[in-house]
Visitor: 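Following this message is one structure expressed as structure tokens.
We count ligands from 1, going down the list as the structure has it; atoms in each ligand are counted the same way. Quick caveat, the model's predicted, so the values are computed rather than measured. Keep in mind that the numbers below use all heavy atoms, side chains included, and drop hydrogens, waters and symmetry copies. Here, residue 1 is the first one in the sequence, and each next residue gets the next number.
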Amino acid sequence: MINIVLFGAPGCGKGTQAQRLKEHYGIEHVSTGEVIRGEIRRGTELGRSMERYISEGKLAPDEVVIGMIGNYVAEHREAAGCIFDGFPRTTVQAEAFDRILADNGLKVDVMIDIRVPEEELVRRILLRGKDSGRADDASEEVIRGRLDVYREQTAIVSDFYAAQGKYAAVDGLGTMDEVFERIATVIDALEK
Ligand code: AP5
Ligand code: MG
């Protein structure tokens with residue numbers, strides 16, 4: 001099983017590229033943001049407790065997302081591979097993730113960091129916000145707050161994987177096809 005952590009700031013293209021990688025490599029895709037939004041849409045107790053974090057652009061509590069991923073990994077351990085999109089987002093999550101994978105006889109193969117300048121991120125998210133219906137896309141203030149959270153709490157997670165020799169950065173500017181090619185080059189080099 002090949003496990004890829006797709007990393008990068010809000011709006012860098014994680015979801016877009018994960019969809020393509022999923023089809024190209026025949027692997028699974030899980031986005032913790034999508035899982036949480038699904039719980040909110042269904043009006044579950046968990047969803048109701050997560051609504052405020054999402055709409056304010058704050059991180060959900062580590063134990064909640066770690067629990068979600070723990071269940072997901074246990075249910076998908078027979079998959080050919082998986083793209084983890086938006087997880088881990090803190091060092092606590094990264095450490096727990098290594099333990100969860102090890103308990104299932106698995107490991108992270110690579111973290112791929114999609115790098116995009118902040119002004120382009122804001123532009124992309126504002127554009128998407130016109131019809132995404134996502135509460136956290138609605139105002140520039142919340143979008144900039146999400147970028148602050150990324151810089152202050154999440155960016156450092158790349159050091160965790162760099163220390164394990166599992167970090168690769170790709171330029172996230174250019175067309176979606178160009179970015180896809182850059183990511184696929186990193187993955188194909190792994191399989192050799
Ligand atoms: P999450 O759902 O993960 O959102 P995010 O990280 O803010 O990222 P986005 O989904 O907004 O962007 P993306 O990188 O997927 O880019 P996309 O492909 O859509 O998290 C949301 C919230 O959930 C968090 O704030 C937090 O509250 C909570 N949460 C989630 N995970 C958590 C965790 N682990 N711990 C704690 N809390 C957690 O692309 C963006 C736009 O750009 C699209 O419109 C797309 O069409 C366009 N685009 C893509 N590529 C290109 C390109 N090359 N050129 C031009 N436009 C492009
Ligand atoms: Mg996304």
Visitor: Applying the 4.5 Å side-chain criterion to the ILVMFWY set and letting contacts propagate, would V35 and V65 be lumped into a single cluster?
Guide: yes
Visitor: Does K14 use its side chain to pair, donor to acceptor, with the backbone of G8 at less than 3.5 Å?
Guide: yes
Visitor: Nearest to atom 15 (O) of ligand 1, what protein heavy atom do you find, and at what distance?
Guide: G15 N, 2.9 Å
Visitor: Testing the basics here: between P10 and L147, what is the closest heavy-atom pair and its distance to 0.1 Å?
Guide: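 Between these two residues, the closest heavy atoms are CD-CD2, 3.9 Å.
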Visitor: Check each heavy atom of V65 against ligand 1 and say whether those closer than 4.0 Å belong to the side chain, the backbone, both or neither.
Guide: side chain
Visitor: Identify the protein heavy atom lying closest to atom 12 (O) of ligand 1, giving its residue, its atom name and the separation to 0.1 Å.
Guide: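 In this structure, atom 12 (O) of ligand 1 has G11 N, 2.9 Å as its nearest protein heavy atom.
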Visitor: May I ask you to identify, for R134, whether its side chain, its backbone, both or neither come under 4.0 Å of ligand 1 on a heavy-atom basis?
Guide: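 The answer is the side chain of R134.
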Visitor: What's the shortest distance from atom 35 (N) of ligand 1 to any protein heavy atom, and which residue and atom give it?
Guide: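 Looking at atom 35 (N) of ligand 1, the protein heavy atom closest to it is Q93 NE2, 2.9 Å.
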Visitor: Give me the residue, atom name and distance of the protein heavy atom closest to atom 37 (N) of ligand 1.
Guide: A60 N, 2.9 Å
Visitor: So, taking the atom named CG in D159 and the one named OG1 in T91, what distance separates them when rounded to the nearest 0.5 Å?
Guide: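 Going from CG on D159 over to OG1 on T91, the span is 8.0 Å.
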Visitor: Nearest heavy atom to atom 51 (C) of ligand 1 wins, so pick from E120, M50, R124.
Guide: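 That would be R124.
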Visitor: Between F180 and H24, is the ring pair (Phe, Tyr, Trp, His ring centres under 6.0 Å) condition met? List the steps.
Guide: CA-CA 10 Å; F180 176 82; H24 185 83; 5.3 Å; yes
Visitor: Less than 3.5 Å apart, any donor N or O on the side chain of T90 or D62 sitting next to an acceptor on the other?
Guide: yes
Visitor: Answer yes or no for C12: is there a heavy-atom contact with ligand 1 below 4.0 Å?
Guide: yes
Visitor: Just to be sure I'm reading this right: ignoring hydrogens, which of D62, D177, T16 gets closest to atom 18 (O) of ligand 1? Compare them by their nearest heavy atoms.
Guide: T16
Visitor: Identify, by atom number and element, the atoms of ligand 1 in contact range of G174, meaning under 4.0 Å from any of its heavy atoms.
Guide: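 Counting atoms of ligand 1 from 1, those under 4.0 Å from G174 are 52 (C), 53 (N), 54 (N).
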Visitor: If you measure every N/O of R146 against every N/O of ligand 1, is any gap under 3.5 Å?
Guide: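 Indeed, backbone or side chain, R146 has an N or O that close.
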Visitor: Any N or O of G86 that comes nearer than 3.5 Å to an N or O of ligand 1?
Guide: yes
Visitor: Give the residue, atom name and distance (to 0.1 Å) of the protein heavy atom nearest atom 46 (O) of ligand 1.
Guide: M176 CE, 3.7 Å
Visitor: Roughly how far, to the nearest 0.5 Å, is the CD atom of Q17 from the CD1 atom of I114?
Guide: 5.5 Å
Visitor: Can you list the steps and then say if R99 with E95 is a salt bridge (charged side-chain N to carboxylate O under 4.0 Å, His left out)?
Guide: CA-CA 7 Å; R99 285 195 297 274; E95 287 166 353; 5.3 Å; no
Visitor: Could you identify the single nearest non-hydrogen protein atom to atom 16 (O) of ligand 1 and state the distance to 0.1 Å?
Guide: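 Going atom by atom, the protein heavy atom closest to atom 16 (O) of ligand 1 ends up being G13 N, 3.1 Å.
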Visitor: Going by the closest heavy atom to atom 2 (O) of ligand 1, which one wins out of R128, E178, R37?
Guide: R37
Visitor: Among all protein non-hydrogen atoms, which one is nearest to atom 25 (O) of ligand 1, and what is the separation to 0.1 Å?
Guide: K58 O, 4.1 Å
Visitor: Are any side-chain N or O atoms of E178 and backbone N or O atoms of T175, one a donor and one an acceptor, separated by less than 3.5 Å?
Guide: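 Yes: the side chain of E178 pairs with the backbone of T175.
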Visitor: Which residue and atom name correspond to the protein heavy atom nearest atom 23 (O) of ligand 1, and how close is it?
Guide: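 The protein heavy atom lying closest is I54 CD1, 3.1 Å.
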Visitor: Taking atom 3 (O) of ligand 1 as the point of reference, which of E34, R89, K14 owns the nearest heavy atom?
Guide: R89
Visitor: Under 3.5 Å, is there a donor-acceptor pair between the side chain of R146 and the main chain of D136?
Guide: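 Yes, the answer is positive, given that a donor and an acceptor are paired below the 3.5 Å cut-off.
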Visitor: Which word best sums up how the rings of Y150 and F7 line up, parallel for under 30°, tilted for 30 to 60°, or perpendicular for over 60°?
Guide: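 Ring orientation, 0 to 90° scale: tilted.
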